[in-house]
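This report concerns only the one structure given below.
Chain naming here is simple, since letters A, B, ... match the order of the sequence lines and numbering starts at 1 in each.
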Number of protein chains: 2
Amino acid sequence: MNDSSNSKLGSSDKLLLAALHLIAEKGYNGVTTLEIATAAGLSEKTLFRHFGTKQKLLEAAFDRYHYAEEMKKLFAEKLVWDLERDLLLVCTTYHEIMNRNRKMIQISLKEDEGQLPGFRARTQKHPQQLLEILTNYFIEMSEKGKIVTTNPELHAFTFIMMHFGAFMNDLDAQKSYPGITLAPFVQESIQLFARALRP
Amino acid sequence: MNDSSNSKLGSSDKLLLAALHLIAEKGYNGVTTLEIATAAGLSEKTLFRHFGTKQKLLEAAFDRYHYAEEMKKLFAEKLVWDLERDLLLVCTTYHEIMNRNRKMIQISLKEDEGQLPGFRARTQKHPQQLLEILTNYFIEMSEKGKIVTTNPELHAFTFIMMHFGAFMNDLDAQKSYPGITLAPFVQESIQLFARALRP
DNA sequence: AAAAAGACTGTCAGTACTTACTGTCATGCG
DNA sequence: CGCATGACAGTAAGTACTGACAGTCTTTTT
């Protein structure tokens with residue numbers, strides 16, 4: 001259940017995962033190096049031997065575990081120009097990536113930019129790419145006559161905001177809206193767009 | 001420009017505002033009592049004379065500046081059963097309230113529940129109420145034959161998630177999507193729903 | 001009007017605790 | 001042997017919080 005219980009990992013990875021987990025939960029200033037080391041099942045001394053400072057530990061964790069593949073590759077050859085199918089692909093891919101970077105996103109939210117140079121830029125890279133891709137998709141779908149869209153970028157933005165909102169709502173352990181799960185929401189959001197954009 | 005530059009405020013309010021502002025920006029553990037007092041233009045000693053402890057200062061700030069009026073009152077007698085008009089009212093009211101509680105929401109996001117008992121519950125109160133109101137609204141509109149909705153609660157949730165996402169995106173000073181402003185987005189989101197739910 | 005009282009604040013010195021980080025030496029392990 | 005680690009002690013800095021005293025300004029009293 002706990003990240004650090006995996007005994008197959010090397011010491012560095014145990015520390016990185018424990019750091020990521022605890023900092024995401026309690027914030028950088030809310031966790032001590034002793035806490036992190038203990039959670040990793042190691043001594044504090046080992047932590048400093050590996051990473052020198054607490055800052056470098058966090059930076060190393062970000063570098064090691066931030067998923068950074070290009071969004072465009074994820075959609076290459078996969079779009080079939082059927083609105084509902086393609087939107088489902090976009091949705092699932094979006095939520096998958098956001099969930100993979102969940103801890104990093106939580107950290108970026110909690111800490112201010114001054115102390116985490118460049119971290120926020122990285123967490124925002126995927127959403128920005130996706131907006132571009134989805135905008136172009138709407139434009140092309142419109143040219144094919146399969147949908148009507150007056151403002152493709154705004155439509156793409158709206159679609160992404162829906163799912164960004166749902167993701168952020170889910171990020172919080174103590175959810176704002178219990179009783180609503182992701183899958184039906186995804187389905188509904190797609191049908192909504194399909195009906196609204198239908199020629 | 002700065003909160004604490006308003007010389008008409010009493011010392012307590014200067015401290016509360018400075019605390020709210022700084023804690024929202026750098027987190028509870030990221031700010032010192034000396035910093036807060038200095039930002040308020042007062043001495044650290046005065047801070048402790050007024051509030052005793054740092055915790056109580058934050059709690060007092062939350063109590064004093066959290067906007068807590070019942071959502072239902074805000075919509076009483078104001079809904080006219082015209083979808084586009086009513087959704088616009090819901091949108092603007094939602095964004096207004098969320099913005100009014102912006103600092104409190106930022107703090108709730110940064111700090112974990114263990115140290116801020118009950119804070120998160122208060123920031124989540126408005127969204128939950130709104131979901132209820134909007135769900136009932138969709139049900140009634142459906143009964144009036146003005147819209148078709150297969151799952152009113154999910155539709156309401158979807159609508160709110162769109163705007164929650166937009167708000168969260170805007171919360172960040174370093175926005176993910178520059179060049180997109182709120183007003184056109186609100187307009188588009190309403191038209192989207194109007195088209196999708198039209199009988 | 002003058003004096004006295006009271007409320008509020010600043011300065012400064014200081015305490016107690018936490019915490020990032022280091023040094024030294026011993027131990028286990030291939 | 002060589003390498004990684006742990007146990008332990010310790011340092012230096014930061015920080016929440018306190019106490020003592022003095023200054024200022026307003027209000028009250030004479």
Side-chain angles (χ1 to χ4, degrees), chain A residues 3-62 64 107 110-112 114-117, chain B residues 2-62 64 107 110-112 114-117 119:
Chain A
D3 290 331
S4 54
S5 64
N6 192 337
S7 52
K8 293 179 183 177
L9 270 51
S11 294
S12 281
D13 280 318
K14 284 186 203 166
L15 288 165
L16 293 173
L17 286 171
L20 224 43
H21 179 239
L22 288 173
I23 295 175
E25 188 183 336
K26 316 211 285 180
Y28 181 80
N29 290 312
V31 189
T32 69
T33 51
L34 179 60
E35 255 180 295
I36 296 172
T38 304
L42 296 166
S43 76
E44 196 185 6
K45 184 77 203 180
T46 302
L47 186 157
F48 283 104
R49 268 198 274 253
H50 279 249
F51 302 101
T53 72
K54 192 184 178 188
Q55 271 286 338
K56 285 181 186 168
L57 168 65
L58 175 56
E59 286 164 18
F62 231 81
R64 176 97 165 78
I107 293 174
K110 282 183 209 279
E111 313 302 329
D112 60 344
Q115 307 193 6
L116 309 190
Chain B
N2 194 348
D3 290 330
S4 52
S5 64
N6 193 337
S7 53
K8 292 180 183 176
L9 270 49
S11 294
S12 281
D13 280 319
K14 283 186 202 167
L15 288 165
L16 292 173
L17 287 171
L20 225 44
H21 180 238
L22 287 173
I23 295 176
E25 189 183 336
K26 316 210 287 180
Y28 181 80
N29 290 314
V31 190
T32 70
T33 51
L34 178 59
E35 257 181 292
I36 295 172
T38 304
L42 296 166
S43 76
E44 196 185 6
K45 183 79 203 179
T46 301
L47 185 157
F48 283 104
R49 270 199 272 250
H50 278 249
F51 301 102
T53 71
K54 192 185 177 187
Q55 271 287 341
K56 284 182 187 168
L57 168 64
L58 175 55
E59 286 164 18
F62 232 82
R64 177 95 165 75
I107 294 175
K110 282 184 211 279
E111 313 302 327
D112 59 346
Q115 307 193 7
L116 307 191
F119 282 27

To check you understand the geometry: which heavy-atom pair defines the closest contact between [X] and [Y], and what is its length?
| X | Y | answer |
| --- | --- | --- |
| A/Leu22 | A/Ala39 | CD1-CB, 3.8 Å |
| A/Val31 | A/Glu35 | CA-OE1, 3.6 Å |
| A/Ala60 | A/Phe51 | CB-CE2, 3.9 Å |
| B/Tyr28 | B/Ile23 | N-CG2, 3.6 Å |

d([atom1], [X]; [atom2], [N]) in whole Å:
| X | N | atom1 | atom2 | result |
| --- | --- | --- | --- | --- |
| B/Ile36 | D/dA16 | CD1 | C1' | 11 Å |
| A/Lys26 | C/dT18 | NZ | P | 14 Å |
| A/Leu22 | C/dA20 | CG | C1' | 16 Å |
| A/Leu57 | C/dT19 | CG | P | 16 Å |
| A/Asn29 | D/dA13 | CG | P | 19 Å |
| A/Leu34 | D/dG10 | CG | C1' | 15 Å |
| B/Tyr28 | C/dT18 | OH | P | 15 Å |
| B/Lys54 | C/dC17 | NZ | P | 18 Å |

Side-chain contact check for A/Ser11: nearest option of C/dG10, D/dT5, D/dA16 is D/dT5
Of C/dT19, C/dT9, D/dC17, the nucleotide closest to the side chain of B/Leu42 is C/dT9
Applying salt bridge (charged side-chain N to carboxylate O under 4.0 Å, His left out) to B/Arg49 and not counting sequence neighbours gives none
Exactly one of A/Lys45, A/Lys54, A/Glu44 clears side-chain hydrogen bond (donor to acceptor under 3.5 Å, both in side chains) with A/Thr33, and that residue is A/Glu44
The side chain to side chain contact (heavy atoms under 4.5 Å, CB included) partner of B/Leu20 among B/Ile107, B/Ile36, B/Leu15 is B/Ile107
When A/Leu47, A/Leu16, A/Leu42 are each screened for side chain to side chain contact (heavy atoms under 4.5 Å, CB included) with A/Ser11, the one that passes is A/Leu42
Residues of residues 43-53 of chain A with a heavy atom under 4.0 Å from any atom of DNA chain C, listed by number, are A/Glu44, A/Lys45, A/Phe48, A/Gly52, A/Thr53
What do the steps show when you test B/Glu111 against B/Leu58 for side-chain contact (heavy atoms from CB on, under 4.5 Å), and what is the final call?
CA-CA 12 Å; B/Glu111 313 302 327; B/Leu58 175 55; 5.7 Å; no
Bend of the helix from C/dA1-D/dT30 to C/dG30-D/dC1 from end-axis comparison, five pairs per end, nearest 10°, comes to 10°
